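Beneath this line is the structure, given in structure tokens, with notes to follow.
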Amino acid sequence: MRRYLLPLALIAVFATMAIFPGLIAPFTPTERFTTYQAPDKVHIFGTDDMGRDILSLVIYATRLSLFIGFASGAVAIVIGTVIGLVAGWRTDILDDLLMGATDIVLILPKIPLVIILAAYLSPGPWLLILVLGLLSWESVARVVRSKVMQVRSADFVLAARCLGFSDTYIIFREILPVVFPVVVPKFVLVTASAMISEASLSFLGLSDPTVISWGVMISDAFNHGGFIRKMWYWWMPPALCIILGVLAITSLAFLHERGAREVVQL
Amino acid sequence: MLTLCAREITHAYGNHEVFRDFSIEVAAGETVGLVGPSGCGKSTCARILAGLEAPQSGTVEFCGTDIAGMNGSGYEVFRRSVQMIFQDPAGSFNPVRTIGQSISAVLRLAGVPKAEHRAVLVEALQKAGLQDEILSRYPDQISGGQAQRAGIVRGLLISPSVMILDEPTSALDVSVQAQILHLLKEVQRERGISYVFISHDTAVVSFMADRVVRL
Amino acid sequence: MRDGPLLSVKQLSVSFPGTNGEYIHAVRDTSLEVFAGEIVAIVGESGCGKSVVAQAVMRLLPPGTGVSGSVIFDGQDILPVSEEEMEKLRGTRMAMVFQSPERALNPVLRIGRQLTDPMILHGLCGQSEAEERARATLAALGLDAGWVMQAYPWMCSGGMCQRVLFAAVSLLQAELVIADEPTKGLDAERIGDLEEMLAEIPVGGQMGLLLITHDIGLAARLAERVLVMYCGMIVEAGRTADVLTDPVHPYTRGLLGSLPENGFHPIPGLSPALSDLPSGCVFHPRCGSADSTCSRFVPPVREVCGRQVRCFRC
Amino acid sequence: MNEILRRKIIRYAASLLVIVLVVFMFPRIMPGNPVMFLIGEDVIVTPEVLADLNTRLGLDRPIPEQFYLFLRGVCTGDLGYSYHLHSPVASLIGDRVVWTLMLVGTSLLIGYAAGILSGAWVGWMSDRKSAKALTGAGICISCIPPYLLGLILFSVFVYRLNWFPYKGLYTTPDIWSIMHHLALPVATLALFVFARNLLIMRGSVLTEKNQLYPQFARALGVPGSKILYGHVMRNAILPILTQFAIDFGFIFSGALFIEIIFSLNGLGTLMYDAIIIRDYPVLSGLFLVIAVMAVLANMFADILYGVIDPRVGREGI
């Protein structure tokens, strides 16, 4: 249990930042000060091109970055698990169709597709969640399906059928718990990669400019002189937050692998 | 009186015919041994008899009725009356649920009030020579003999009239095999249920069975 | 010709780190000897530690395993020997036949390569001669050598894989062959085949075979001497004719009583888990004639009726 | 074999169709004037020119006919026309693709070779301290978004240490200068590819290690390194191949971001500029090219898989 401590503590810190930003942040994101200030006692990370306190911005940005990650992870997991369960349980044409669809989603290059969609749609956070979720379920569906196929004809499933349990009971109470251990690390990894995608899209200026996320902040720093002025204290805090956030979430998956002897793949 | 019988069932994988026009009858309270070399379709036959797989031709009848044509309540009676025990003892329990969870799910299905679960379980386990501490264990944490006993306990909870035993001892050590065989005999004496005992080991079958059918 | 035994295991103990930091004693204080030209069998039920002995002798146990005692092969204690030295010993001097032959061969390499590579690696011969020898051995085992050499393991039936495995071991002509549960999961016909192949190993008196099996009948048919193992300890050892026809240890007696031909008389109780062994004699909770001494002290090895027995009561 | 092959071909054809449909449909189903989407948002035109363009782009014809014309255009290499840059999209992409392929190709080569070899070692020796450290480093690197990795390396090695030039690769066509300019971006992308493959390979070797065949090889006296690189690797490399196809899109887009950071004159900067001014023809063309490359990468991986694993076709992998 001890090895889960550090990642869980990090996630707890981020969660607090996301839920109660007002309690931690010294200022609100709307307060303006002198622009391009170097770090001092009042502004620990200085101020940006619009005179906003960078530390407060980083804290307020947590909510959106985490939310987009987890929500797209949830969308992908729900779709992927359902499709995987159905495709694995059924052996008819439905399985073929679902796996065909999965393979196609697998082949499509995700980030370029998201970029072109975002360019046409200028998406808000909800749309981004939906798009990222809809493009990431395929790996979940594949592992779930192969696991279901493994256990479909296992003795314990036959025994349950013999004892008179219904198909629904068997799928949800016998098979789903067996599949669950492979779904958890996938959820974590999809979440992490959604956070990376969000940050990347924001960096290209493809997210809603009125909301702040860590990616938007880095993009601002890159485009509005933070980089040329060597203001590392501008882009470094959000960058560190992304890295630590993704790392904490991903390491949960890897620790789980050690615990459950399941080998996860990114 | 006949309880379960198969009439002229045939099974094939692709073009390879495993068995053809095979018939077997099981009377109440008797043990029918089913023997044959490996790969002759014994397990398939067991699953067909248990209603888990449909024969490609022929019928399986339970108390005189074809199970393929059974309606809801009739099928339910059949389902509760015919149980199966598998070769791999640990494999017949869900690997991520404890033995206790798996067995008490059956009690729930049978409509036993939750308050009585524990008492019923402990008594059933004791009869099979098991301690109640295995209820909190996972299938891979108990020995093959313990798992097989637990499997028999679970199958008996819904009071079947026929048990299909598919190589129930071939994955077990000889000393455990002897114990399980004696347990099965004792259960039969007590409850008068019929067995279809499937094994490749003729010595085991002739020890258990009243008559032997070859596949 | 050597004078001493080919293999001599002395007071071997093996323990694995358990999940909760404790140690699981898989093998305790076990000694045995194998002479050239003889077949020695270790029999016991699953989890008794007989396969661990085989792996300890071959030094194939995973890192982190606690091993004490000594394993003397041809006069040399091989427990402290380096891994590089072991690689030279394994294959050419001591080899092992595995159970589940289908899984013991690499699925993506042609069988020919898997047979010839070890020979070339050990410097026994060159490529062309290795191929020739492999072909000859396969043909002698009744296989279509030309086809098998080119085939992948998954194209072969279980019986063929078993012969290939046997060919791989016999091509290297090791002095000591260990067969670890070679009959597990085989049907009667293939057990018969395997028995013939194993019986030929000590031909000429140069080689020794250590047979590890749960199949008492197999041990009775092949071995000259047999060791009965229970919960990590050898409880009775002696000539096969003595041990398997007239057992003296209560466990051996119970085990033989459970056999079909003796009427399936079960031993009362269950085998204990290795992480939770009883004190004193490991068999005392299931033994009909145990007393307070048995539950307090581990019985030493004694000489009874021309064999070694660990029991106070006989 | 034929059944599997047929299924594969159907899937590739279907993915190509989806890709083409995305490019074709989006400008036409988005709310707003499709002409704007087909020529770009910031291009200022008079209503007459707009109407003229409408006819010239075929937008007044029925959708099936438009699709036919579009397909014919794509097949003949016509990816549209950028009104911003006053150039056909195909030639814009053609001019830049070399630089991107050079970056991606070199990094893939380095990243895959290093990742596979060290991943195999790390999986084999998974109990060693150094292997654990390398795994940890791999996890950390793969958790950094590629552009951030580029940004960090850029600010350290270019801004702080001045080891590498800012930009200006295209002025001096001399091999040393090109290598000097490309070194850091290649290193960044290779590091990223390396980390991902290290982790995949490690996981796959860990699984293979517990199989029986490496044990048997050991029992025959085959040395550890021979077992790892001669026996286990060949089996363990299969997941890398399956992953290659999926990864390709990801790595390629990573390359685009790295180009932006290092101002390399490849597809990435083309895309970045096109995004800023919403130059839709360029974006569509780029997507089409990248997606087709991804499909080709998939086919390549499939073929390679068949070469390495003789079981393909038997078990329907």
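Bear in mind that the values here come from a model prediction, so they are computed numbers and not experimental data. Chain A is the first sequence line, chain B the second, and so forth, proteins listed ahead of strands; every chain is numbered from 1. The basis for the numbers below is simple: all heavy atoms, side chains too, and nothing from hydrogens, waters or symmetry mates.
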Where does C:L259 contact chain B at under 4.5 Å (heavy atoms): side chain, backbone, both or neither? side chain
Pairs of heavy atoms under 4.5 Å with chain B: top-ranked of C:G254, C:G269, C:G47: C:G269
Present all donor-acceptor pairs from chain B to chain C with distances below 3.5 Å, rounded to 0.1 Å.
from   : atom 1 : to     : atom 2 : distance (Å)
B:S38  : OG     : C:D187 : OD2    : 2.8
B:D173 : OD1    : C:S46  : N      : 3.1
B:D173 : OD2    : C:S46  : N      : 2.9
B:D173 : OD2    : C:S46  : OG     : 2.6
B:S175 : N      : C:E45  : OE2    : 2.9
B:S175 : OG     : C:E45  : OE1    : 2.8
B:S175 : OG     : C:E45  : OE2    : 2.7
B:Q179 : NE2    : C:I267 : O      : 2.5
B:Q179 : NE2    : C:G269 : O      : 2.7
B:H182 : NE2    : C:F264 : O      : 2.6

If you apply the rule side-chain contact (heavy atoms from CB on, under 4.5 Å), what do you find for B:V204 with C:F264, and how did you get there? CA-CA 9 Å; B:V204 174; C:F264 297 106; 3.8 Å; yes
Sequence neighbours left out, what pairs pass salt bridge (Lys or Arg N to Asp or Glu O under 4.0 Å) with at least one residue falling in residues 202-215 of chain B? B:E30-B:R211
